[in-house]
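Encoded as structure tokens, the structure appears first; notes follow it.
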Amino acid sequence: MSETRELILEAKHVTKRYPASGDRMLTACQDVSLKFYKGKTLGIVGESGCGKSTFMRMVVSLEQPDEGEILFHGRDISRLKGRELRQHRQKIQMVFQDPAEAFSPKMKVMDIICEPLLNFKRIRKSEKEAVARKYLEMVELPGDFALRYPHSMSGGQRQRVGIARALVLEPELIVYDEATSALDVSVQKTIVELLVKLQKEKDIAYGFICHDMALVQSLSHQVAVMYLGSIMEVLPGEKVASGCRHPYTKAMIDAVFDLRMDFDKPIKSIESEAPSPLDLPAGCPFQNRCPRCMEICRREKPALRQIEEDHQIACHLYGQQGEQR
Ligand code: SF4
């Protein structure tokens, strides 16, 4: 990433636990520290249940962390309440996986797009249609769609409406929670191209949650790899395939399907199951699946360390300078 990047939001040592049956606690996020920069995309990738959505829900103030801070321009937003929280919500918006679930089927597209503006009294009702048309054109849909209902649109068109709705408040950060996962691959590509174009035009920071390694690295300036509630590795998107070092990231790269795959070579898959987040092991969370596991890995959790500019890793295999032990 360029040297001129401007920090917008920083999560510091964020932990989130939920009570479970039998007085147990489920650890969804453990000591997560990540940064979001203006005009840049931070992708978060990991298997289902790794805590990526929980982390982003804390970033958009839908959940409160149990420990740690979420600093927005240096101010902790994790404990905001009432009017302050409501005002802050204009700065960070979210696009959900399934727009059909996120919209009321009884609302016209112009009402869906303009609802946030009306909530904050930023436009009058008489301005709705004109504003909706402007944002529909921004997401490359015909302005006439303002008068439609969501059920008369395709999945890709509905997701564009979701993006328009997130844009109307002119937020500084938009979080996309698996926003392209439910779409056909060809539609996915056009939506990703739209997101890249809008980011360039508006200099917005993006948080992009995805379980598709190939997609997330193509879109993200930085990629954070998450496993069982912890960050395993953070590195530039362009270096994910060639420069990743963590055994879990490498295993995920090996699992990416390639059309030019040599089927004579054995397919490498990750052995065994991830442990339950109700019963996290002492030491490295990846220990029971890691082919490089050492004795220290079973007793000491590796800290996330900077090994190069823009490259952090949590693994006992690497020393302070990133040298392999
Ligand atoms: S810390 Fe140990 S178990 Fe964990 S990924 Fe590194 S080598 Fe494997």
Side-chain angles (χ1 to χ4, degrees), residues 11-17 25-35 42-55 67-68 209-214 216-217 220 222-257 265-325:
K12 290 173 101 172
H13 307 292
V14 166
T15 293
K16 180 72 183 173
R17 300 185 189 91
M25 296 300 280
L26 183 149
T27 306
C29 285
Q30 196 177 31
D31 197 19
V32 174
S33 296
L34 288 172
K35 294 176 180 172
L42 173 68
I44 303 192
V45 67
E47 293 163 87
S48 299
C50 71
K52 51 193 190 304
S53 291
T54 301
F55 172 72
E67 292 165 29
I209 306 175
C210 194
H211 58 260
D212 181 336
M213 195 56 141
V216 82
Q217 67 176 328
S220 306
Q222 285 284 106
V223 172
V225 181
M226 214 168 165
Y227 181 77
L228 212 61
S230 294
I231 301 295
M232 302 281 106
E233 189 165 15
V234 184
L235 73 170
E238 74 223 17
K239 288 195 189 158
V240 169
S242 59
C244 72
R245 300 206 198 172
H246 196 284
Y248 177 59
T249 316
K250 288 182 178 176
M252 288 193 74
I253 294 286
D254 285 340
V256 172
F257 180 74
K265 286 188 184 163
I267 296 170
K268 293 183 199 161
S269 58
I270 310 177
E271 298 294 327
S272 76
E273 297 281 316
S276 166
L278 285 167
D279 191 18
L280 290 183
C284 174
F286 192 53
Q287 60 185 265
N288 72 319
R289 306 171 86 185
C290 179
R292 307 289 308 275
C293 183
M294 304 170 284
E295 196 269 329
I296 187 177
C297 309
R298 300 198 189 281
R299 59 181 157 77
E300 216 175 278
K301 187 177 178 196
L304 190 66
R305 281 201 299 267
Q306 191 93 24
I307 56 166
E308 286 166 17
E309 196 197 2
D310 287 336
H311 194 165
Q312 296 167 281
I313 191 164
C315 178
H316 290 303
L317 282 174
Y318 300 95
Q320 293 292 347
Q321 267 69 50
E323 77 283 7
Q324 190 152 359
R325 288 171 173 155

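Atoms within a ligand are numbered from 1 in the order they appear, just like the ligands themselves. None of the values given here were measured: they were computed from a predicted structure.
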Inset, instruction - Give the residue and atom name of whichever protein heavy atom lies nearest to atom 8 (Fe) of ligand 1, and the separation in Å to one decimal. - result: Cys290 SG, 2.3 Å

Legend entry - Backbone of Asp31 reached by a side-chain donor or acceptor of Thr15 within 3.5 Å: yes

Legend entry - Test log, rule side chain to side chain contact (heavy atoms under 4.5 Å, CB included), inputs Met213 and Val240: CA-CA 9 Å; Met213 195 56 141; Val240 169; 3.9 Å; yes

Inset, instruction - Can you sort out which atoms of ligand 1 are near Pro247, meaning under 4.0 Å from one of its heavy atoms? - result: 5 (S)

Inset, instruction - Heavy-atom contacts with Leu317 under 4.0 Å: which atoms of ligand 1 show up? List them by number with element. - result: 7 (S)

Inset, instruction - Report, in ascending order of atom number, the atoms of ligand 1 lying under 4.0 Å from any heavy atom of Cys297. - result: 1 (S), 2 (Fe), 3 (S), 7 (S)

Inset, instruction - Do me a favour and list the nearest non-hydrogen protein atom to atom 6 (Fe) of ligand 1 with residue, atom name and distance? - result: Cys315 SG, 2.3 Å

Legend entry - Numbering as shown, the atoms of ligand 1 that approach Gln287 to under 4.0 Å (heavy-atom distance): 3 (S)

Inset, instruction - Using modelled atom types only, decide if a donor and an acceptor are shared between the side chain of Glu233 and the backbone of Arg245 within a distance under 3.5 Å. - result: yes

Legend entry - Distance from atom 4 (Fe) of ligand 1 to nearest protein heavy atom, with residue and atom: Cys284 SG, 2.4 Å

Inset, instruction - Please say which of Arg17, Lys16, Lys12 ends up in a salt bridge (charged side-chain N to carboxylate O under 4.0 Å, His left out) with Glu67. - result: Arg17

Legend entry - Non-hydrogen atom of His246 closer than 4.0 Å to ligand 1: yes

Legend entry - Residues Lys52, Glu47: salt bridge by 4.0 Å N-O rule: no

Inset, instruction - Report the residue from Pro275, Cys50, Cys29 that forms a side-chain contact (heavy atoms from CB on, under 4.5 Å) with Leu228. - result: Pro275

Inset, instruction - Starting from atom 1 (S) of ligand 1, locate the nearest protein heavy atom and write down its residue, its atom name and how far away it is, to 0.1 Å. - result: His316 N, 3.3 Å

Inset, instruction - Salt-bridge test for Lys239 and Glu309: reply yes if a basic N is under 4.0 Å from a carboxylate O, no otherwise. - result: no

